[in-house]
Amino acid sequence: MKLTNLKPSKDKINTFLPLGSLFVIFAFLDVLTNTFLNYNITGFLPQTISYLVPLLLGYIGFYLIRIEFSGIRFLDKLNKNINSSNFNAFLTLLILFIIIKAISPLMNWLILDANFAGTSKDDCTGDGACWVFIKVWFNRLMYGLYPDLEQWRVNSAFILLFALVGVAFFVPQKIKKYFIIFLLFVYPFIGIKLLSGGSFGLTYVETAAWGGLSLTFIISAFAILFCFPIGVFLALGRRSSLPAIRYISIGFIELWRGVPLITVLFMAAVMFPMFLPDGTFIDKLIRVLIAITLFEAAYMAEVVRGGLQALPKGQYEAAKSLGMGYWRMNALIILPQALKLVIPGIANTLLALVKDTPLIFVVGLMELAGMIGLAKTNPKWLGMAMEGYVFAGLVFWIICYAMSRYSQNLEKKLSTER
Amino acid sequence: MGKIIELKKVNKWFDKFQVLKDIDLDVAPQEKIVICGPSGSGKSTLIRCINRLEEHQEGNIVVDGTELSESTKNIEKIRAEVGMVFQQFNLFPHLSILDNCTLAPIWVKKLPKKEAEEIAMKNLTRVQIDDQALKFPGQLSGGQQQRAAIARALCMEPKIMLFDEPTSALDPEMIKEVLDVMVDLAKGGMTMIVVTHEMGFAKEVADYMIFMDEGKIVERAKTKDFFESPKNERTKLFLSQIL
């Protein structure tokens with residue numbers, strides 16, 4: 001028998017394909033039964049060899065089905081993407097087996113062996129996660145220390161916000177701008193009044209009691225709303241032809257970018273009040289909000305500047321040659337294009353902002369991750385850190401993924417090059 | 001006849017390199033002037049000084065009775081009266097052709113939207129791309145883009161049009177459609193200053209030819225004299241090379 005007979009080719013596809021498939025199928029069958037049914041087909045072999053058998057069989061199988069131009073669409077695609085060489089075949093198998101092996105314990109912990117029913121830690125008898133912890137603390141994770149009876153105020157503030165945003169998306173262009181003005185300049189005051197109370201028959205709730213996911217949203221929304229315009233102005237300022245404005249912008253950006261957020265927050269909460277005249281008082285949450293906003297504005301400025309610098313000089317010249325002054329040129333020609341260019345960078349900065357909010361724990365404010373930190377140290381619920389942080393991670397991921405998708409949609413919608 | 005553009009002893013430097021040397025130039029209303037010369041001779045810089053895309057350091061430039069100086073108000077007034085067409089078109093890629101044309105009339109001249117759109121459609125029809133009005137610049141060919149850029153400048157109803165090598169970035173087969181529009185514009189009585197190497201166009205429309213070299217106006221002559229009996233040696237050499 002010549003050696004070439006062992007080389008897979010299209011002529012002998014009827015031999016090689018079934019044989020190779022058999023090897024691959026057996027390899028996966030072995031791993032699957034091993035992981036999910038706890039039955040080792042190759043158990044009669046010594047342990048190390050038994051462990052390597054699927055890898056070896058899969059490898060041989062992948063070699064046998066690597067038939068060039070087989071004419072079978074699925075096979076060609078498979079060979080091209082995950083089985084193009086011996087090394088790739090090996091990596092494919094290794095990764096797939098590791099995923100299969102990892103999914104099983106993960107699913108067990110997350111769902112199959114997890115506990116959902118009950119009201120205390122003692123109800124968690126299984127080996128898996130104790131989701132009872134999240135269930136019992138859910139209210140606190142959402143609202144922080146906000147009094148139970150007043151939580152409808154938080155709900156209605158958010159429902160009002162979402163309703164306004166939702167309606168604003170669908171109303172005609174002409175009315176839309178009034179909605180946006182209302183959202184930017186009126187709603188924040190309604191929202192704050194609703195949450196803090198103190199008048200209109202609402203009892204006063206101090207900001208130290210605000211917390212949980214609602215605080216994550218409040219801080220993120222305010223910071224996003226204000227850091228964006230400030231960042232744009234700083235970016236324009238940094239490119240200004242007036243030296244005073246340019247140096248002030250550069251100084252501001254470099255100062256805030258050079259300091260860790262945690263330091264900024266600490267200073268805003270602890271050091272800043274020392275410089276205020278006696279008797280003046282600015283709420284801690286507001287100080288923190290301003291600190292985060294200015295911090296993120298510095299990053300935003302640099303992202304926007306990247307977009308400004310990417311625009312060809314001709315765009316500036318064309319705008320000028322039509323008689324536009326500085327502000328009209330920037331508002332109508334430059335910024336719409338520059339901001340569109342840097343949507344990915346803007347989304348990046350805003351995602352980082354949302355994920356930076358847990359840092360406010362250093363000044364004693366507790367949003368979602370902070371509340372979990374508090375709950376896991378409760379004597380009745382010790383040892384629940386894993387469940388808590390997995391939950392927090394999931395919630396943050398959902399928020400950030402939604403933002404990311406929105407930015408991608410926006411990019412597509414605004415694209416005018418085809 | 002009064003002068004609509006007057007340049008007196010204009011000097012300009014890029015750092016230490018002098019790009020314009022003692023430029024004197026008068027343009028009467030409705031005159032068409034074509035500027036030619038080797039690359040780096042300062043032709044583009046000269047016309048860019050007329051609407052202050054470049055600053056001159058010495059001398060005076062007066063456009064339609066307004067002196068170009070540091071005054072932002074003067075600069076914007078002059079720019080609104082002087083249309084400019086660029087080599088690279090410089091259309092605004094985020095706006096449709098129609099919006100490209102109406103933006104400045106609406107925001108700079110404060111025209112109502114409807115009126116601005118009427119003017120825009122009139123000018124787009126004039127350059128024969130009214131059927132492309134709702135497309136974006138990226139969807140048009142080079143020649144169409146340059147014609148749209150001309151229409152955009154015309155929408156400000158300028159008294160003077162500056163053309164900075166308007167056909168140099170175009171494929172050969174598109175040059176004619178742009179030149180046709182410019183000839184039509186010239187016949188309509190527009191004051192035009194054109195930097196170009198299209199000598200056929202120059203012969204057809206120019207009242208005066210200007211030849212520049214090394215930052216100086218070497219020769220200025222009536223078009224016929226310029227091509228038939230150039231006086232300066234450098235002009236002769238240049239013409240022999242490009243004709």
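Below, read A as the first sequence line, B as the second, and so on, with proteins coming before strands; counting in each chain starts at 1.
With values rounded to the nearest 0.5 angstrom, S321(A) atom OG is found 11.0 Å from D164(B) atom CG.
Distance alone, capped at 3.5 Å, is enough to place a donor-acceptor pair between the N90(B) side chain and the G314(A) backbone. A distance-only check finds a donor-acceptor pair linking the side chain of H94(B) to the backbone of L332(A) [under 3.5 Å].
Heavy atoms of other residues, nucleotides or ligands lying less than 6.0 angstrom from NZ of K73(B) number 12 at most. Around atom CZ of F182(A), more than 12 heavy atoms belonging to other residues, nucleotides or ligands sit under 6.0 Å away. Heavy atoms of other residues, nucleotides or ligands lying less than 6.0 angstrom from NZ of K355(A) number 12 at most. The number of heavy atoms from other shown groups lying within 6.0 Å of CZ (F233(A)) does not exceed 12. By the 6.0 Å contact criterion, CZ on F189(A) is open, its count of non-hydrogen atoms from other residues, nucleotides or ligands being 12 or less. The environment of E302(A) atom CD is dense: over 12 non-hydrogen atoms of other residues, nucleotides or ligands sit within 6.0 angstrom. More than 12 heavy atoms of other residues, nucleotides or ligands sit less than 6.0 Å from atom NZ of K176(A).
In this structure, no portion of Q88(B) lies under 4.5 Å from any heavy atom of chain A. Only the side chain of F86(B) comes within less than 4.5 Å of a heavy atom of chain A; its backbone N, CA, C and O stay farther away. Heavy atoms closer than 4.5 Å to chain A are found in both the backbone and the side chain of V108(B). Contact annotation for L162(B): neither backbone nor side-chain heavy atoms come within less than 4.5 Å of a heavy atom of chain A.
When each of N51(B), I75(B), L53(B) is paired with K320(A), the side-chain contact (heavy atoms from CB on, under 4.5 Å) condition holds for L53(B) and for no other. Under the salt bridge (Lys or Arg N to Asp or Glu O under 4.0 Å) test applied with E317(A), the options R48(B), R79(B), R52(B) reduce to a single match, R48(B).
Residues L103(B) and I333(A) are in side-chain contact: their nearest non-hydrogen atoms beyond the backbone lie under 4.5 Å apart.
Closest of all the heavy-atom pairs between E76(B) and G323(A) is CG-O, 4.0 Å.
Among residues two or more places apart in sequence or in another chain, the ring pair (Phe, Tyr, Trp, His ring centres under 6.0 Å) test is passed with W13(B) by none.
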From CA spacing to verdict: side-chain contact (heavy atoms from CB on, under 4.5 Å), W107(B), L322(A): CA-CA 10 Å; W107(B) 289 92; L322(A) 290 167; over 6 Å; no

